[in-house]
Amino acid sequence: MLRVPCVCRVLGAWCLFGAVVLAQTPVRPAPQRPGQMPTLPLTQLDDRALAADLDNRAFTLTFAQPVPIKDLLLLLVRGTSLSVIPDPAIGGSFIGELKTVTVRQALSLILPPLGLDYGLDGGFIRVFKRQPETRLFDINYVATQRNADAVIGTTGISRDAPFARVSSATSTDLFADLTKGVQTLLSDHAVFNVDRKAGLLQVTDFPERLDRIGVYLDAVHDRVHREVQIDARVVEVELTDETATTLDWTALSQARDLTKVMAALSAQGKVTILASPRLLALNNEPAIVKTDSFTLSVTPQIATDAVIMLSLSPILSTPALNASDTLARVGDGQTIVISGLSREREIKERKNAGIKGGWFGRATVVTKKRVELVILLTPKILTPAASS
C-alpha cells in the first residue's frame with residue numbers, strides 16, 4: 001500500500017506556526033474480513049481508489065496560519081490522478097477550516113475570494129486569475145414609455161356638497177426598470193449598456209454575475225409577455241317585476257361564466273346589449289377601448305396561478321354619464337359583473353279609452369319601468385406564465 005507523507009512533513013516550516021490537517025472524512029469502522037485492508041489514520045489519504053478525481057475523495061482542511069495558495073493547491077491533488085498547473089502570476093493565502101469537502105468543492109470555495117478561477121483539461125487543473133466576460137442579452141419589448149390616467153368623480157359645488165373622487169395613474173418604462181434591476185446584480189467593476197433601439201443589453205462582468213442577470217431577464221420576459229383578452233359587454237336590463245328595485249343577485253352570484261350570467265339576467269327582464277367591445281392588454285400595461293357610448297380603461301396583472309387582477313375604470317355616456325373605478329380579482333375565463341347603475345324609464349303607450357257620451361278614442365298611458373345597466377367583463381389569458 002502506498003502512503004502519502006503527513007501534512008506536517010509536506011508543509012515543513014508551517015508546522016511551527018499552527019496545526020495543519022488534511023484528512024479523509026471520518027467513517028465508522030466496520031468489522032474486518034480476512035485479508036481486508038485496515039482503515040487508514042485520519043492524517044493519511046486513502047489512495048486505494050484507482051480513479052481518484054475531483055468528486056470521489058473527501059477531505060477536511062484545517063489551517064490555523066495563512067498558507068500560500070500554490071502550496072495549498074499541491075496538497076489538494078497529492079495522492080490523486082490529478083495535476084495542478086497554477087498561473088505564475090497568482091498569489092494569496094488561505095486560512096480556515098473546510099470540513100468534508102471534495103477537491104472540486106475546495107477549489108470552488110477557496111479560489112473566488114482570491115480573485116481566482118480554475119478550468120479542467122483532462123486530468124489537468126489550471127488555476128488562473130478570474131477575468132470578466134462580455135455577454136449580450138435580448139430585450140424583446142417596445143422601447144416606449146406609456147402613461148395612463150383615469151379620474152372618476154366631479155368637483156363639489158360647495159364644501160357641504162356630497163363628493164367622491166378616484167384618480168389612478170399608470171406609468172411603465174420597461175427599459176428604465178430593467179436598468180435599475182440589472183445594476184443591483186453587478187459587481188463594483190462591471191460595465192453595461194442598454195440599447196433601446198436595438199433591444200439589447202451588453203454587460204461585462206464575472207461569469208456568475210452574468211448568470212444571475214440571465215436568470216433575472218428570463219423572469220422579466222416571462223412576466224411582461226403575458227397577455228390577456230378582455231371581452232366586455234354593456235347590458236341594459238328592463239326588469240319584468242314592477243315591484244323590484246334592483247336585480248336579484250341570488251341567481252347572479254352563482255353564475256361565473258358569461259353564458260350563465262346572461263341567462264340569469266334574461267330571467268329577470270328584457271336584455272339589450274348596448275356595446276360589446278374587445279381589447280388585448282399585456283401584463284401591467286394600460287389599455288383603453290372606446291365606443292360611442294362606452295369607454296373602458298383597464299390595467300391587468302396576470303399571476304402565475306392564472307388569477308387576474310384588473311384595475312378598471314368604465315365610463316358610460318348613454319343615456320346619462322355613469323362611471324366607476326375599481327380593483328377586481330378574477331380567475332381565467334370567469335366574468336366580473338359591475339352594476340349599481342340603475343334608473344327609471346318612462347314608457348308611453350297609446351291605448352283605447354272610453355269617453356263620456358259613448359265615444360271611444362285613444363289615450364296615452366305612461367308606465368314606469370326599472371332599468372339596470374350592467375357591465376360584464378370576461379378576461380381570458382392568451383399567454384400563460386412559463387412553467388417553472
For Glu227 and Ile381, indicate whether the former's side chain and the latter's backbone hold a donor-acceptor pair under 3.5 Å. no
Below 3.5 Å, can you tabulate the donor-acceptor pairs from side chains in residues 196-207 to any protein atom, sequence neighbours excluded?
residue : atom : partner : partner atom : Å
Arg196  : NH1  : Asp173  : OD1          : 3.4
Arg196  : NH2  : Asp173  : OD1          : 3.3
Arg196  : NH2  : Asp173  : OD2          : 3.2
Thr204  : OG1  : Thr134  : OG1          : 2.7
Asp205  : OD1  : Ser187  : OG           : 2.6
Asp205  : OD2  : Ser187  : N            : 2.9
Asp205  : OD2  : Ser187  : OG           : 3.2

What's the separation between atom CG in Leu247 and atom CD in Gln268, rounded to the nearest 0.5 Å? 5.0 Å
Is Ile90 reachable from Ile85 through a run of hydrophobic residues whose side-chain heavy atoms are each under 4.5 Å from the next? no
Checking side-chain polar atoms at under 3.5 Å, does Thr60 have a donor or acceptor matched by the opposite partner on Lys99? no
State whether the side chain of Thr80 and the backbone N or O of Val77 hold a donor-acceptor pair below 3.5 Å, judged by distance alone. yes
Minimal heavy-atom distance between Phe294 and Pro314, with the atoms involved, is CE1-CB, 4.0 Å
Would you indicate whether the side-chain heavy atoms of Leu186 and Phe192 approach each other to under 4.5 Å? yes
With a 4.5 Å heavy-atom cut-off, do Ile213 and Leu217 have their side chains touching? yes
Report the C-alpha separation of Leu373 and Leu316 in whole Å, then their side-chain angles, then the decisive distance to 0.1 Å, and conclude whether the side chain to side chain contact (heavy atoms under 4.5 Å, CB included) test is met. CA-CA 9 Å; Leu373 287 174; Leu316 294 172; 4.1 Å; yes
What I'd like to find out is whether the side chain of Ile110 reaches to under 4.5 Å of the side chain of Leu72, using heavy atoms alone. yes
Derivation of the side chain to side chain contact (heavy atoms under 4.5 Å, CB included) call for Leu107 and Arg104: CA-CA 5 Å; Leu107 291 172; Arg104 186 190 304 274; 5.8 Å; no
Can you tell if the side chain of Met262 reaches within under 4.5 Å of the side chain of Leu258, non-hydrogen atoms only? yes
Applying the 4.5 Å side-chain criterion to the ILVMFWY set and letting contacts propagate, would Val330 and Leu382 be lumped into a single cluster? no
Check whether His221 reaches the backbone of Tyr216 with its side chain - one donor and one acceptor, N or O, closer than 3.5 Å. no
In this structure, CZ of Arg223 is separated from CD1 of Ile302 (nearest 0.5 Å) by 12.0 Å
Distance col, row Leu282:CG vs Leu174:CG, nearest 0.5 angstrom, shows 10.5 Å
Interatomic distance, CD@Glu285 vs OH@Tyr141, rounded to 0.5 Å, equals 3.5 Å
Same cluster or not: Leu111 versus Phe128, using hydrophobic residues (I, L, V, M, F, W, Y) connected whenever any side-chain heavy atoms lie under 4.5 Å apart? no
Under 30°, 30 to 60°, or over 60°: which ring-plane class applies to Phe63 and Phe94, parallel, tilted or perpendicular? perpendicular
Can you check whether Ile139 reaches Leu178 side chain to side chain, under 4.5 Å on heavy atoms? yes
Can you tell me how far the CG atom of Leu377 sits from the CD1 atom of Ile375, to the nearest 0.5 Å? 7.0 Å
If we only count heavy atoms from C-beta on, is the Val371 to Val237 side-chain gap below 4.5 Å? no
If Ile, Leu, Val, Met, Phe, Trp and Tyr residues are connected whenever their side-chain heavy atoms lie under 4.5 Å apart, and connections chain through other members, are Val142 and Phe175 in the same group? no
For a side-chain contact (heavy atoms from CB on, under 4.5 Å) with Ile338, tell me which candidate from Leu312, Val374, Val234 qualifies. Leu312
Any chance the side chains of Asp325 and Ser313 put a donor and an acceptor closer than 3.5 Å? yes
Between Pro277 and Thr291, the two heavy atoms sitting closest are CB-CG2, 4.2 Å
Closest non-hydrogen atoms of Leu114 and Ser93, given as atom of the first, atom of the second and distance, are CD2-O, 3.7 Å
According to the salt bridge (charged side-chain N to carboxylate O under 4.0 Å, His left out) rule, which pairs have a member within residues 208-219, sequence neighbours left out? Arg130-Glu208, Arg135-Asp211
Test item: Asp332 and Lys380 side chains (from C-beta on) under 4.5 Å apart, heavy atoms: yes
Should Val224 and Asn283 be marked as a side chain to side chain contact (heavy atoms under 4.5 Å, CB included) after you check the CA-CA gap, both sets of side-chain angles, and the distance that decides it? CA-CA 5 Å; Val224 300; Asn283 197 23; 5.8 Å; no
Just verifying a value: how many Å separate Glu372 CD and Glu238 CD, rounded to the nearest 0.5 Å? 12.0 Å
Ile230 vs Val298, side chain to side chain contact (heavy atoms under 4.5 Å, CB included): CA-CA, chis, key distance, verdict: CA-CA 9 Å; Ile230 301 175; Val298 59; 3.7 Å; yes
Co-membership, hydrophobic cluster, residues Val101 and Val127, 4.5 Å side-chain: yes
Side chains of Phe124 and Leu120 in contact at under 4.5 Å (non-hydrogen atoms): no
Nearest heavy-atom contact between Leu98 and Ala106 is CD1-CA, 4.5 Å
Heavy-atom closest pair, residues Thr100 and Ala58: CG2-CB, 4.4 Å
Between Gly269 and Thr240, which heavy-atom pair has the shortest distance, and what is it? CA-OG1, 3.2 Å
